[in-house]
Amino acid sequence: MEEAPNLKVKRPGGGEFYALVWTTTPWTLPASMALAFHPDLEYVLAEVEDGDVYIVAKGRANAVQEETSLRFVKFSEPVLGKVFEGAKFKHPFLDRIEPGVLAEYVTLEQGTGIVHTAPGHGAEDFYTGQRYGIDIYAPLDDEGRFTEGLPEYKGKTVFEANPFIVKLLQERGALVGEGKLSHSYPHCWRCHNPVIFRATEQWFIDLEHDKLRERALDEIAKVKWFPAWGEERMRKMVAERPDWCISRQRFWGVPLVVFYCEKCGELLKDFHALRNVVKWFEKEGADAWFTHSAAELLPPGTKCKCGATAFRKEKDILDVWFESGSTNLAVLKGNLWPADAYLEGPDQYRGWFQSSLLVAMGVRGHAPFRQIITHGWTLDADGRPMSKSKGTGELPAEIVEKWGADLLRLWVTSQDYQTDMRFSEPMVAQLAESYRKIRNTFRFALGNLDGFDPARDAVQDSQLQEMDAWMLYRTGELVEKCRAWYDEYAFHRVFHALHDFLVVDLSAFYFDVLKDRLYTFARRNTARRSAQTTMWRITSALVRLIAPILVFTAEEVWKLLPRAAGDAPSVHMALFPKREELVANVAPDKKRNWESLLDVREQALKKLEEARNSKLINSALEARLEMRASGKTLDLLRSYASWLPQLLIVSQVSVASANGKSPASSAANAVDEIEVRHADGKKCERCWNYSTHVGENQTYPTVCERCTAALAEIERSGNAKSGGA
RNA sequence: GGGCCUGUAGCUCAGGUGGCUAGAGCGCGCCCCUGAUAAGGGCGAGGUCGACUGUUCAAGUCAGUCCAGGCCCA
């Protein structure tokens, strides 16, 4: 925001009328060519005491009195602005008649409702001027100095001229009000100096030529957009954009290959001759344009239609967006074109996406991409865009240095990148915790697969424990979901699903339950091998699924994971798992059973926690659960009675009929009653379970009956030929 | 000012066609374990679903207005 003069200028109309006009840029007055009225706004003729009559928008009359010395004493009936179209007004200090014109952008927010129009100094004014066939007048040179006009300002720059023009208005009696106004004025983004608008000649690509716009719109409909709103955004932008101005006034860049005849000024349209420039570019690059003369660049004997043979080069360079828009032609050779997908931020709907589309439409007649994927903007912790100049940026290289590359990828992946994404240290720190959990879970699996050789030790599907087969099945479901999410680039859903499965289903549940089998059963016991086989298959599937997200960690896991013959040497060369790989034979009713058992487990854990808090037990293995249930739940518990202790990680579970007692809950799978007692017997030194049978075996007096059997099995296999881990 | 987009617990996310006391993980609090240990397990407390107004028997879910934020224009 900055202060600008806020002037009310009167313009003599044809007779005794004055039009009141408002401006903040006095320097544009010499180029003022018309007065704009809104066609549908009401205007009044306001008379002051000395008899002068001013045209002013009805809705601004009061404001005008407050801002000027004018005191209106009489108002006419209002008339619509459209009546002033074609009216004639005198310029306040030049010998020029300005017509009244109509423009929709005139508002009642500020000023007088009448806007002075300088088609040479603003885009809106330019288009208004075009509509009325008014000259584009901009009497300024490249340094912003007036090249013609009154001696009061001629030769001065626009900013120097401002006060002199104000003075000029005062001297001519044309200034009825003067104030200061804070408003935003355009500035150079680079040097921050104020800029002025000046109409100049430029090169354009005509969007209507060869139906470019229409054909581009057709192509937009054929592209697949992620997210889907991209299509609508691009369609509107292309449908409504102006012609593409492709020339820029810079000292260096890719040149516009255009020659003008030195004699008659005509464009050289000899395309055979122009082609010669291509040879120079192939040899020396585009710089050849600047290091060679027109005579050198053109083939000998090139002539203008007028017969002259001397040419000058166009000095303007090509818009850099044209260059970026043509990269697909350079990068995607042969059948690699078009690209499968372009990936960029939302600003590129106006930039790269669009320039690429338009250039490719012109050259190839088709979009250079099959899909457009748009990511959100990167914001800081407060939701502000990251900005280098404001010092709010985070350099990816520094993040990688501090947290590791996988963490940076995890940050990207954990969020929905299609909306704006925030970055903050606490967020990454939290993500680091998730990362460690994932890593540890993989590490646990690897540790328990030490020495496991799939070719030798894996059990057949038919030998898998029911729970293990069920876990494979669940992994298969996850695989299917993740593959679908990858297909639609929904990476954050993949990450969240994998993370939750690893943390909840594996670490907290399945792996925890497996510990008993893994640690206490004989190494080559089929139940233990079933556990390992399942762990191995699940880990192999998950590590492949997570590989695009945690590239280094996944590779590390893959290198340490026992592999079957033919497995890829790198996880990044392996294919995603297929659901079929994970499906073991589990009947639908068994799946339902296990889901129900999970509900039972949840109920039991709450009771165990209560028991812990009341100091009845510490470890869950100190507990014996007495369950009473009815109906289907009772049937379920009875048929899975042998599974219950390991599933709940307690030493003993008894199941009894509720005997018509009122159920504790009406929820499905609700156990009517779960009572926690201290487990019977003594703690087995080996498996930590409590058992009344500890001490019964004389060979192993400190262990339970299960461990006695396990130890016997180990002894037998120890005497047999070695069979690996 | 215009076009497009976003807004669910402290954080990151789920919640087709509107329907039970809004879910998950993390974080946090408390507890347990010590054979994943610079680990592991459990329980628990956290949300007026940006705001308001409508439509409906019923809205996080539909419509409208507004607020906050983002990208691009003006």
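Numbers restart at 1 for each chain; the letters A, B, ... are given by sequence-line order, proteins then strands.
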Worksheet item: U37(B) phosphate, OP1 or OP2: any side-chain N/O from Arg443(A) under 4.0 angstrom?
Response: yes
Fill in: Salt bridge present between Asp516(A) and Arg706(A) (N-O < 4.0 angstrom)
yes
Practice prompt. With heavy atoms under 4.0 Å as the rule, sort Pro385(A) into base, sugar-phosphate or nothing.
Written response: sugar-phosphate
Discussion item. Distance alone, cut at 3.5 Å: any donor-acceptor contact between the side chains of Asp406(A) and Thr553(A)?
Written reply: yes
Fill in: Validation row: Leu550(A), Thr413(A) side chains within 4.5 angstrom (heavy atoms)
no
Worksheet item: For Thr374(A), which contact category applies under a 4.0 Å heavy-atom criterion: base, sugar-phosphate, or nothing?
Response: nothing
Worksheet item: If you look at every strand shown and take non-hydrogen atoms under 4.0 Å, does His496(A) touch a base, only sugar-phosphate, or nothing?
Response: base
Worksheet item: Which part of the nucleic acid, if any, lies within reach of Tyr519(A) when heavy atoms closer than 4.0 Å are counted: base, sugar-phosphate only, or nothing?
Response: base
Worksheet item: Does Arg436(A) put a side-chain nitrogen or oxygen below 4.0 Å from OP1 or OP2 of A39(B)?
Response: yes
Discussion item. Regarding G10(B), can its base be found pairing with the side chain of Gln430(A) as donor and acceptor, where the two atoms are less than 3.5 Å apart?
Written reply: yes
Practice prompt. Report which part of the nucleic acid Thr441(A) touches: base, sugar-phosphate, or nothing (heavy-atom distance under 4.0 Å, all strands).
Written response: base
Discussion item. Under 4.0 Å, counting only non-hydrogen atoms across every strand here, what does Asp512(A) touch: a base, just sugar-phosphate, or nothing?
Written reply: sugar-phosphate
Worksheet entry | Side chain Arg233(A) and base C5(B) donor-acceptor under 3.5 Å | no
Discussion item. Considering every strand and a 4.0 Å limit on heavy-atom distances, what is the contact class for Asn448(A): base, sugar-phosphate, or nothing?
Written reply: nothing
Worksheet item: Below 4.0 angstrom from OP1 or OP2 of G41(B), is there any side-chain N or O of Lys515(A)?
Response: no
Item to complete: Look at the side chain of Glu433(A) and the base of C26(B), then say whether one donor and one acceptor between them are separated by less than 3.5 Å.
Response: no
For nucleotides 31-34 of chain B, print each protein N/O atom paired with a nucleotide N/O atom at under 3.5 Å, atom names and distance only.
| residue | atom | partner | partner atom | Å |
| --- | --- | --- | --- | --- |
| C32(B) | O2' | Asn618(A) | O | 3.0 |

Worksheet item: Taking NZ, NE, NH1 and NH2 as the nitrogens, is one of them in Glu480(A) or Arg483(A) under 4.0 Å from a carboxylate oxygen of the other?
Response: no
Worksheet item: Is the base of G46(B) syn or anti, if syn means a glycosidic angle within 90° of 0?
Response: syn
Discussion item. Students often get this wrong, so: under 4.0 angstrom with heavy atoms, is Glu685(A) touching a base, only sugar-phosphate, or nothing?
Written reply: base
Discussion item. Using the side-chain heavy atoms of Asp500(A), tell me which of these nucleotides is nearest: C5(B), C13(B), A24(B).
Written reply: A24(B)
Practice prompt. Mind checking which stems touch RNA chain B? I mean at least 3 consecutive Watson-Crick or G-U pairs, both distances under 3.5 Å.
Written response: B:1-7 with B:67-73, B:10-13 with B:23-26, B:28-32 with B:40-44, B:50-54 with B:62-66
Discussion item. For G41(B) and Ser507(A) - does any side-chain N or O of the residue sit under 4.0 Å from the phosphate oxygens OP1/OP2?
Written reply: yes
Worksheet item: So do the side chains of Leu408(A) and Pro396(A) get within less than 4.5 Å of each other, counting heavy atoms only?
Response: yes
Discussion item. Please classify the nucleic acid contact of Arg686(A) as base, sugar-phosphate, or nothing, using heavy-atom distances under 4.0 Å.
Written reply: base
Discussion item. Is there a side-chain contact between His492(A) and the phosphate of A14(B), meaning an N or O under 4.0 Å from OP1 or OP2?
Written reply: yes
